[in-house]
Amino acid sequence: MKAVEKSEQNRIDWMVTLVPFALIMGLAGLLFAFPEASNQVISQVRFFFGDTLGSYYLVIGLGVLVIALYLALSRYGDIVLGEPGEKPQYSFFEWGSMMFTCGLAADILFYSFAEWAMYATSPHIAELGSIADWAGVFPLFHWSFIPWAFYLVLAVVFGFMLHVRKRARQRYSEACRPIIGDQADGLLGRVIDLFALFALLAGTATTFSVATPLLASVALSLFGLQISRTAMSIIIMLITCAVYTYAVLHGFKGIGFLAKACIYLFFGFLGFVLLAGGQTRFIIENGLQSLGTMIQEFVGLSTYTDPARTSNFAQDWTIYYWAYWMVWCIAAPFFIGSISRGRTIRQTVLGGFVFGVGSTLVSFIVLGNYGLGLQVSGAADFIALYESTGDLYGLILAIIDTMPVPTLMLAWLMVTMIAFYATSFDSIAFTAACYSYKSLGDDEKPSMPIQLLWCILLIVLPIALVFSESSMANIQSVSIISAFPIGIIMIMMIWSFFKDAKEVLNEDK
């Protein structure tokens, strides 16, 4: 028994496991001990990366979308992520459910409700036209084609590495091996993997820190508890941690079950709002109009930099979002690549766009236009409420309060958000646990203690950010800062994939 334990310990890369642990614990300690000073430093570093070097993120975003389309439409799309002729491991619905829930977490519900109001108060909307015409356009742009292109291109890279080349080291550095060679095993490989893991933890922190206070607000409203929202947020994080830890320790069976349950809850919630909320016509018509505007103006939206800084809209939103998706590209694409065995690259990319982008657009069209419809018709003034309080969570509660049976809707929202968090973070914990191993077979799973370690580690920084009462801007900053090196690593990985995949295509001739 001891020999088995020792053998397992020898397989763990303790440097890659413990260095991020120490960094995150140190950062969390600073946020706990010096919340104001820490937030000021984060804000200053964010300005350098997000403002001075902001175009870097925009160019990468547009470039990755072009690559995604090229993969789907070129001969690379014929490559099977597995053995030639192998059938997909999961049905399209099960595959799409796990892909969608692992990639978006509960943020999608928070932003679907509130994002139009944040844009409506921006001077950039006044520059473009009316709130009705533009407040619903940017949520669709920021959450659709470029975000999913990030996920799907890297999912192809990882899927090819795992299922075609059958590499035993499930890491970013391994995906770069075709161009860096044996340096993947040396210092350069370690640096790449450490950046990747830190970005993963930063992305997790951003997601948890943004939407958990909404869950706390819902819980306080439902149960009438007399505690602070910060305390309730931390309690909910710990409960969610217990749920996703349970799921991840039960492997893909537990993850798949949670994902399907989450999808049913999610679309049931959207269906009720659409059909029973009283804004059906506006939701459909304005949603269709916003989608058309987004597609027509796509290139302009993708390259807008606000060089005169009249509103800082690009720096505050588009650049932040592309950075946000880039740090989420550490875990989500790895997981999508893992579950895409048996699919061709074309099926993975186009299927991901259909299920991922389609589901995302439906969420923003239904929930966003419900509140926007009440605002435009004069039935409610959510913008005035937001401007007077600055409380996005209170704004969402006010929107839900206008729905039929608001208490039921609050409870439904809370359960759905917990399911989203659990299905996202069980896949992230699984991916991070794979990173801890020097090598791991295609069908081999990380040990329970290592998975448990990462389940706990994922919750530490979010709790610190909530405790330090970081502003929305500073929570966003964590992603923007972490994404900068990840962009360079992503370019190396994509370059490596094309070099490696070209050899496969030449072998098949």
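Index from 1, following the sequence. Reckoned from all heavy atoms, side chains included, excluding hydrogens, waters and symmetry mates.
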| task | Kindly give the heavy-atom pair with the smallest separation between Leu410 and Val218, and that separation in Å. | result | O-CG1, 3.3 Å
| request: May I ask you to check whether Glu127 and Thr310 show a side-chain donor-acceptor distance below 3.5 Å? | output: yes
| message | Determine whether the aromatic ring centres of residues Tyr304 and Phe313 are separated by less than 6.0 angstrom. | response | no
| query | Do the ring centers of Phe100 and Phe266 come within less than 6.0 Å of each other? | reply | yes
| Minimal non-hydrogen separation, Cys176 against Met492, with atom names | SG-CB, 3.9 Å
| Taking the six-membered ring where the residue is Trp, are the ring centres of Phe498 and Tyr76 under 6.0 Å apart? | yes
| query | Should Phe110 and Tyr393 be marked as a ring-ring contact (aromatic ring centres under 6.0 Å, His included) after you check the CA-CA gap, both sets of side-chain angles, and the distance that decides it? | reply | CA-CA 8 Å; Phe110 168 78; Tyr393 309 107; 5.4 Å; yes
| said: What verdict does the side-chain contact (heavy atoms from CB on, under 4.5 Å) test give for Arg346 and Ile79, after you've listed the backbone C-alpha separation in whole Å, the side-chain angles of each residue and the deciding distance to 0.1 Å? | reply: CA-CA 8 Å; Arg346 182 174 296 109; Ile79 296 175; over 6 Å; no
| field | Residues Phe334, Tyr172; criterion ring-ring contact (aromatic ring centres under 6.0 Å, His included); working and verdict | value | CA-CA 9 Å; Phe334 203 108; Tyr172 258 45; 8.0 Å; no
| query | Step by step, would you call Glu83 with Lys166 a salt bridge (charged side-chain N to carboxylate O under 4.0 Å, His left out)? | reply | CA-CA 10 Å; Glu83 300 296 333; Lys166 301 188 183 302; 3.4 Å; yes
| query | In this structure, which one of Tyr111, Trp317, Trp322 forms a ring-ring contact (aromatic ring centres under 6.0 Å, His included) with Trp143? | reply | Tyr111
| query | So, His142 and Tyr324: side-chain donor and acceptor under 3.5 Å apart, yes or no? | reply | no
| remark: Correct closest heavy-atom pair for Trp148 and Ile336 would be CZ3-CD1, 4.5 Å
| said: Give me the atom names and distance for the closest heavy-atom approach of Leu350 to Ala72. | reply: CD2-CB, 3.8 Å
| request: Begin with the C-alpha distance, continue with both residues' side-chain angles, and end with the deciding distance and a verdict on ring-ring contact (aromatic ring centres under 6.0 Å, His included) for Trp116 and Tyr119. | output: CA-CA 5 Å; Trp116 69 269; Tyr119 295 145; 10.0 Å; no
| said: Evaluate Glu503 against Arg165 for salt bridge (charged side-chain N to carboxylate O under 4.0 Å, His left out), listing each step before the verdict. | reply: CA-CA 11 Å; Glu503 292 180 6; Arg165 290 307 194 192; 3.6 Å; yes
| query | Should Glu174 and Arg177 count as an ion pair when the cut-off is N to O under 4.0 Å? | reply | yes
| field | No-hydrogen, no-angle side-chain donor-acceptor test under 3.5 Å, Ser363 and Ser112 | value | yes
| If you take all heavy atoms of His124 and Ser311, which pair is closest and at what distance? | CB-OG, 3.5 Å
| Checking Thr280 side chain against Leu274 main chain: does a donor-acceptor pair fall under 3.5 Å? | yes
| said: Assess, by modelled atom type and distance only, whether the side chains of Ser290 and Trp134 contain a donor and an acceptor separated by less than 3.5 Å. | reply: no
| Short side-chain donor-acceptor distance under 3.5 Å, Asp500 and Ser496 | no
| task | Examine Tyr321 together with Phe141 and report whether their ring centres are nearer than 6.0 Å. | result | no
| field | More than 12 heavy atoms of other groups within 6.0 Å of Phe195 CZ | value | no
